[in-house]
Structure formats: structure tokens, C-alpha cells
Amino acid sequence: MRFIYLHPPNWYLTIDLEDRRDVIERPIRNSIDLSGWDIRKSLKLFRKSNPPLFEWLQCPLIYRQRYSFGARLRALLPTFYSPRSSFFHYLHVARGNFREYLRGDCVWRKKYFYVLRPLLALRWIEQGRGPVPIEFSRLVEIVVPGPDVRDAIQDLIATKTAGAELDYGPRIPVLGEFIESEIARLENTVEEKSEVPSGTEVLNLLFRDTLDEVWHSSLPAQEVDV
């Protein structure tokens with residue numbers, strides 16, 4: 001579970017702001033992985049088109065949204081989305097996980113997801129579909145190139161959904177060949193071109209508006225989620 005939170009205004013009006021902790025992390029309990037980012041950290045990452053943040057903002061499951069911040073930030077996704085930044089992020093993840101987990105004749109089958117997801121995200125970006133969605137099933141449905149690869153992925157998903165352990169065993173040839181060919185192909189399509197960053201002032205305005213919206217209510221002076 002991911003969330004964005006906000007401190008009282010005076011917390012930000014300090015000379016040591018950059019030294020202050022801007023994340024909240026909790027130990028995993030009852031399978032709940034809970035962590036949050038301060039609003040200022042979140043907006044700085046948003047300005048850089050941070051792919052994990054963009055995915056979280058598109059999650060269809062929202063547990064709580066108390067103010068206008070979430071809706072306003074989602075409305076800015078098309079403005080701040082950077083295909084180039086996202087491309088390099090997912091390519092780096094795919095290459096790293098492939099080297100770490102899927103080299104050799106025997107592999108941990110659950111690690112296929114660690115490589116397949118960023119590779120399918122890269123195909124999504126190539127096709128000009130905008131920010132990458134968080135749902136793996138949506139990526140499979142839209143960008144998987146053929147029935148053989150699709151069927152192999154669906155078999156993995158079905159095994160995982162059934163609660164069976166994706167254990168250590170022989171590599172899955174159709175997925176191994178797809179992954180290796182995709183990584184090789186994508187590495188040859190990388191273009192070193194710059195992008196003009198989107199302006200910061202609209203995010204500054206959102207930050208100030210949210211401070212005003214939250215702290216002009218009757219809430220006590222402590223950090224709150226937005």
C-alpha cells in the first residue's frame with residue numbers, strides 16, 4: 001500500500017528541510033507492505049516522470065482520498081509523462097533482473113514476472129500509449145505479441161493465482177526466447193535525445209493549494225495523508 005502525506009506548513013519553513021526524513025515506512029505485517037512519501041518528495045519525483053509513482057497514481061484501487069490533491073495530480077500525468085525517462089527506467093530493470101535471475105538452464109519461475117513486466121511496459125511505451133498502467137493483466141492483454149507467449153504467461157499467472165509455488169526448475173523456452181530477443185531488440189532502439197522538462201510552477205501551485213486546503217480545516221497539527 002502506497003500513500004502521499006503532508007506535514008503542517010511550519011515543517012517546510014525550516015533551514016534544515018533537506019535533511020529531514022521525507023518517507024514513512026513500516027515493517028510488513030499480515031502481508032501489508034505500507035510506505036508513503038511526503039508531498040514535496042512526491043512532486044519532485046513527479047516532475048521527473050518517476051515511473052513507479054506514475055503507476056501508483058493510476059492504480060484502480062484507492063483506499064482513501066481525502067482532498068483534491070490526487071485528482072489534480074492525475075490530471076497532470078499527460079503533461080509530465082516522459083516516454084524517454086520511462087523507457088530507460090524499464091529497460092534498466094528488465095536487463096538487471098534478467099542477468100540476476102534468468103540466466104542458465106534452471107531458474108526461479110516466479111522471477112519471470114520481474115523481467116516480463118518491464119519488457120511489456122517497454123512495448124507499451126513504444127506503441128505510444130502513454131503512462132504505463134500498474135495492472136500486469138492489462139499489459140498482457142494489449143501488448144503481448146503472440147499466442148505462444150501469451151499462453152505461457154497465462155499459465156504462470158494461473159499457477160500463481162492458485163497459490164502454488166513458482167519453484168526452481170528448467171527455464172520456460174518460449175518465455176526465455178521472447179525475453180532475450182526483446183532485450184536485444186530494445187537495446188538497439190535506444191535513442192539518446194533530450195526532452196524539455198515540464199515547468200515546475202504548476203506543481204508549486206498544487207503544493208501551496210494543498211497546504212492551504214488541508215491546514216485551513218479543523219485537523220490537528222500532525223502529518224496527514226492526502
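- Put simply, the side chain of E55 never gets that close to the backbone of V132: no donor and acceptor are under 3.5 Å apart.
- Between the CG atom in L205 and the OG1 atom in T200 there is a gap of 12.5 Å [rounded to 0.5 Å].
- Taking CD1 of I4 as the start and CD1 of I39 as the end, the distance is 7.0 Å to the nearest 0.5 Å.
- Under a hydrophobic clustering in which Ile, Leu, Val, Met, Phe, Trp and Tyr are joined whenever their side-chain heavy atoms come within less than 4.5 Å, directly or via other members, I62 and F69 fall into different clusters.
- Taken from CZ in F98 to CG in L116, the straight-line distance is 11.5 Å, to the nearest 0.5 Å.
- Here the rule is ring pair (Phe, Tyr, Trp, His ring centres under 6.0 Å) with Y114, and of W108, F136, Y101 only Y101 fits it.
- Other residues, nucleotides and ligands contribute only 12 or fewer heavy atoms inside 6.0 Å of the CZ atom of R103.
- Under a 4.0 Å N-O distance rule, the pair R66/E213 does not qualify as a salt bridge.
- Of the possible donor and acceptor atoms, none in the side chain of R47 sits under 3.5 Å from a partner among the backbone N and O of L43.
- E182 has a carboxylate O that lies under 4.0 Å from a charged side-chain N of R123, or vice versa, which qualifies the two as a salt bridge.
- In this structure, E135 CD and I142 CD1 are separated by 9.0 Å, a value rounded to the nearest 0.5 Å.
- Within the 4.5 Å cutoff, side-chain heavy atoms of F113 are placed close to those of I157.
- The pair R171-E177 does not meet the salt-bridge criterion, since no charged nitrogen lies less than 4.0 angstrom from a carboxylate oxygen.
- The distance between the ring centers of W56 and W37 falls below 6.0 angstrom.
- Here the side chains of D22 and R40 are not in contact, with every heavy-atom distance at 4.5 Å or above.
- Centroid-to-centroid, the aromatic rings of F46 and F54 come within less than 6.0 Å.
- Closest of all the heavy-atom pairs between I134 and C59 is CG2-CA, 3.8 Å.
- L139 and A121 get closest at one heavy-atom pair: CD1-N, 4.3 Å.
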Q: Would you check, one step at a time, whether the test side-chain contact (heavy atoms from CB on, under 4.5 Å) holds for T79 with V202?
A: CA-CA 10 Å; T79 301; V202 65; 6.0 Å; no
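- The aromatic rings of Y5 and F3 sit tilted relative to each other, their planes meeting at an angle between 30° and 60°.
- Linking Ile, Leu, Val, Met, Phe, Trp and Tyr whenever their side-chain heavy atoms come within less than 4.5 Å leaves L186 and V93 in two separate clusters.
- Enclosure of atom CZ in R21 by more than 12 non-hydrogen atoms of other residues, nucleotides or ligands within 6.0 angstrom is indicated.
- When P51, S49, S82 are each tested for a side-chain contact (heavy atoms from CB on, under 4.5 Å) with H89, only one passes: P51.
- Using a distance-only test at 3.5 Å, with no hydrogens or angles considered, no donor-acceptor pair links the side chain of R26 to the main chain of L34.
- A donor-acceptor pair is defined here as one N or O able to donate and one able to accept, closer than 3.5 Å; no such pair exists between the side chain of Y90 and the backbone of L122.
- Side chains of D33 and R2 form a contact here, defined as non-hydrogen atoms less than 4.5 Å apart.
- Listed by first and then second residue, the salt bridge (charged side-chain N to carboxylate O under 4.0 Å, His left out) pairs that reach into residues 3-12 come to none, sequence neighbours excluded.
- Considering every non-hydrogen atom in both P83 and I125, the closest pair reads O-CG2, 3.9 Å.
- The distance from atom CG of L73 to atom CG of L57, rounded to the nearest 0.5 Å, is 5.0 Å.
- Using a 4.5 Å cut-off between side-chain heavy atoms of Ile, Leu, Val, Met, Phe, Trp and Tyr, with links allowed through other members, L61 and M1 fall into the same hydrophobic cluster.
- Here the closest heavy-atom approach between residue V140 and residue R150 is recorded as O-NH1, 2.9 Å.
- Of the inter-residue distances, the one linking H7 atom NE2 with W215 atom CH2 reads 9.0 Å to the nearest 0.5 angstrom.
- F80 approaches G199 most closely through the heavy-atom pair CZ-O, 3.1 Å.
- Of the candidates L119, I172, N97, I179 forms a side-chain contact (heavy atoms from CB on, under 4.5 Å) with just one, namely L119.
- Electrostatic pairing of E126 and R185 counts as a salt bridge here, judged by a charged N lying under 4.0 Å from a carboxylate O.
- Atom CG of D16 sits in a crowded spot, with more than 12 heavy atoms from other residues, nucleotides or ligands closer than 6.0 Å.
- Between L17 and Y12, the shortest heavy-atom distance links the atoms CD2-O, 3.6 Å.
- We find that D38 and R20 are not joined by a salt bridge, their nearest charged nitrogen and carboxylate oxygen being 4.0 Å or further apart.
- For the pair L76/L203, a side-chain contact is recorded, criterion being any heavy-atom separation below 4.5 Å from C-beta on.
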